[in-house]
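Please read the structure below before turning to the comments.
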Amino acid sequence: MTDQPEPRTPTPAPAPAPDLFTWEFASDPYPAYAWLREHSPVHRTRLPSGVEAWLVTRYADAKQTLADHRLSKNPAHHDEPAHAKGKTGIPGERKAELMTHLLNIDPPDHTRLRRLVSKAFTPRRVAEFAPRVQQLTDRLIDGFAERGSADLIHEFAFPLPIYAICDLLGVPREDQDDFRDWAGMMIRHQGGPRGGVARSVKKMRGYLADLIHRKREALPAEPGPGEDLISGLIRASDHGEHLTENEAAAMAFILLFAGFETTVNLIGNGTYALLTHPGQRARLQASLAAGESALLETGVEELLRYDGPVELATWRFATQPLTLGGQRIAAGDPVLVVLAAADRDPERFADPDVLDLSRRDNQHLGYGHGIHYCLGAPLARLEGQTALATLLTRLPDLRLAADPSDLRWRGGLIMRGLRTLPVEFTPVKSDTPSAL
């Protein structure tokens, strides 16, 4: 009698590929990203705009991609079909002649422009700005502290970085509410009227052109202490750095655009994560009460990793055929690094789906990597640390005023953030709010 072979255990079929870019996906994209990391780490997909692009989801591949000189930031390298024309950037920036900014250019122009702007974000300059950030934070909280409830996105997380970046740029206080309105339209994306983003971009472009002209007319011969950034850009263009008016306007525009929405989401996502992880929130409050700062600093980095403000890095385009994660990428193809997926890669982070504010080995990619690493990261960290520490100290019993399943996330491609964040707390007596 011959031996019969052992019956072979059937290999379980892999779970079906997840649906991407649905409303359900926007609420919690992390299970879908886990599937992509395991089964299709460099994944070609059609985006809601109709553009086809490659998504890079593993940490090692993401870090390599972010520093790969064969991937250009310049949309001119996109081999785009007619239906995708102009759909890979900020709506309206082409028509408004605002394309020559740091997110759309490569060296050597990128090197030149970044050098000019980097002076505004040195550790010393950011430290000098800290009292103003604290003042803004306290006055915004004063606006709702006595009420016992607030929408932390619209009343706190949104206006704080808008007013801060306006101050840094040198936008006069009397004009800052206009900027807040334009920025509000830009951040709403799909939630506003059709074409609203492009119209806001156009209005902002017109205002910046006028502001640059006015500042150039009044520019003193020598810079004073703490000179605003737009004046610094004008001074550079007038003293041999060859900065055109379009470049100056585009730089001011992208610093405003990139400098506020990331921080809105850092504060909003970070507060939400703390309110839904009471043990971690209690640890942080105890640390703050003891006058310590170490847990706040590592905590903000962990919040950036765990559910950061930038879900996908901005567009890159292959300038030649190349291989990423075993996939052949054609010249002209768009590539998007999924920072949110890379920062939960178990090959890089222990227990990546666990929020641990004291995590030490935390080289997250929340602010990118390589030459396009976020220039405003020091300011965003200052604003995030100040906002969270002040909220938890002044409103110690802060709590969600809605079921987490009822909260809605914005549907944009690059950023990840809540539409609203309703909270309740014991009313606190505050000073009479004054103008920001």
Side-chain angles (χ1 to χ4, degrees), residues 27-28 130-131 133-164 263-309 353-359 380-409 416-434 436:
S27 296
D28 183 10
V133 172
Q134 185 65 63
Q135 180 189 45
L136 287 168
T137 300
D138 281 322
R139 288 183 178 176
L140 288 168
I141 293 176
D142 285 345
F144 54 77
E146 296 184 29
R147 199 169 70 228
S149 65
D151 173 1
L152 284 186
I153 299 298
H154 293 284
E155 297 181 73
F156 185 65
F158 174 68
L160 173 58
I162 277 288
Y163 291 130
T263 310
V264 174
N265 295 343
L266 168 58
I267 297 170
N269 298 5
T271 303
Y272 174 71
L274 291 172
L275 294 181
T276 52
H277 293 79
Q280 293 294 307
R281 176 254 191 89
R283 287 180 64 199
L284 181 54
Q285 284 183 298
S287 173
L288 293 170
E292 300 166 353
S293 62
L295 191 62
L296 176 65
E297 292 169 5
T298 60
V300 166
E301 298 309 305
E302 174 69 346
L303 293 168
L304 283 162
R305 182 202 69 83
Y306 179 78
D307 197 11
D353 295 322
V354 172
L355 179 69
D356 177 7
L357 299 184
S358 59
R359 189 184 295 269
R381 287 187 169 102
L382 168 67
E383 291 172 341
Q385 290 176 16
T386 304
L388 293 173
T390 309
L391 272 177
L392 294 179
T393 301
R394 291 190 56 182
L395 310 175
D397 64 345
L398 189 71
R399 57 194 178 273
L400 276 176
D403 189 286
S405 63
D406 292 332
L407 297 179
R408 292 292 174 262
W409 297 77
R416 172 165 172 77
L418 287 160
R419 290 178 179 270
T420 60
L421 184 57
V423 295
E424 296 174 336
F425 47 88
T426 300
V428 179
K429 191 75 174 173
S430 63
D431 298 330
T432 302
S434 55
L436 295 171

How about Val264 and Pro309: do any of their side-chain heavy atoms sit closer than 4.5 Å?
-> no
Side chains of Gln285 and Arg281 only: does a donor on one sit below 3.5 Å from an acceptor on the other?
yes
Heavy atoms of Ile267 and Gly384 approach each other most closely as CG1-CA, 4.4 Å
Residue set satisfying side chain to side chain contact (heavy atoms under 4.5 Å, CB included) with Asp397, at least two apart, ordered chain then number -> Arg399, Phe425, Thr426
For Gly148 and Pro427 the tightest heavy-atom approach is CA-CG, 3.9 Å
In this structure, OG1 of Thr137 is separated from CD of Glu383 (nearest 0.5 Å) by 8.0 Å
Value for CD1 (Ile141) from CZ (Arg139), rounded to nearest 0.5 Å, stands at 13.0 Å
Residue pairs passing the side-chain hydrogen bond (donor to acceptor under 3.5 Å, both in side chains) test with at least one member in residues 288-299, sequence neighbours excluded, are Ser287-Glu292
dist Leu274:CG -> Leu388:CG (nearest 0.5 Å) comes out at 6.0 Å
Rounding to 0.5 Å, atoms CG (Leu160) and OG1 (Thr390) come to a distance of 9.0 Å
Notebook entry, point to check: Under a 4.0 Å N-O cut-off, is there an ion pair linking Arg283 with Asp356?
Noted result: yes
Next on the checklist: Do Leu407 and Ser27 make a side-chain contact, defined as non-hydrogen atoms from C-beta onward lying under 4.5 Å apart?
Outcome noted: no
In terms of heavy-atom contacts, Ala380 and Thr263 come closest through CB-OG1, 3.7 Å
Worked check of side-chain contact (heavy atoms from CB on, under 4.5 Å) between Leu391 and Leu152: CA-CA 10 Å; Leu391 272 177; Leu152 284 186; 4.1 Å; yes
Shortest non-hydrogen pair, Ala157 vs Gly268, comes out as CB-N, 4.2 Å
To the nearest 0.5 Å, atom CD of Gln385 lies from atom CD of Glu301 at 7.5 Å
Across all chains, not counting sequence neighbours, the salt bridge (charged side-chain N to carboxylate O under 4.0 Å, His left out) partners of Arg359 are Glu302
Sorted by chain and number, sequence neighbours left out, ring pair (Phe, Tyr, Trp, His ring centres under 6.0 Å) with Phe156 holds for none
Hits for salt bridge (charged side-chain N to carboxylate O under 4.0 Å, His left out) against Arg147, two or more places apart or cross-chain, chain-then-number order -> Glu155
Do side-chain atoms of Thr276 reach the backbone of Ala273 as a donor and acceptor pair under 3.5 angstrom?
yes
Between Pro159 and Leu140 the two heavy atoms that sit nearest each other are CG-CD2, 3.9 Å
* Answer yes or no: is there a side-chain heavy-atom contact under 4.5 Å between Gln280 and Tyr306? => no
Can you confirm whether Asp151 sits close enough to Phe158 that some side-chain heavy atom of one is under 4.5 Å from a side-chain heavy atom of the other?
no
Those residues at least two apart in sequence (or on a different chain) that pass salt bridge (charged side-chain N to carboxylate O under 4.0 Å, His left out) with Asp138 are Arg394
With side chains defined as the heavy atoms from C-beta onward, is the minimum distance between Leu303 and Asn269 less than 4.5 Å?
no
All heavy atoms of Ile153 vs all of Thr420, minimum pair found to be CG1-C, 3.6 Å
| Is there side-chain contact between Thr271 and Leu398, with heavy atoms separated by less than 4.5 Å? | yes
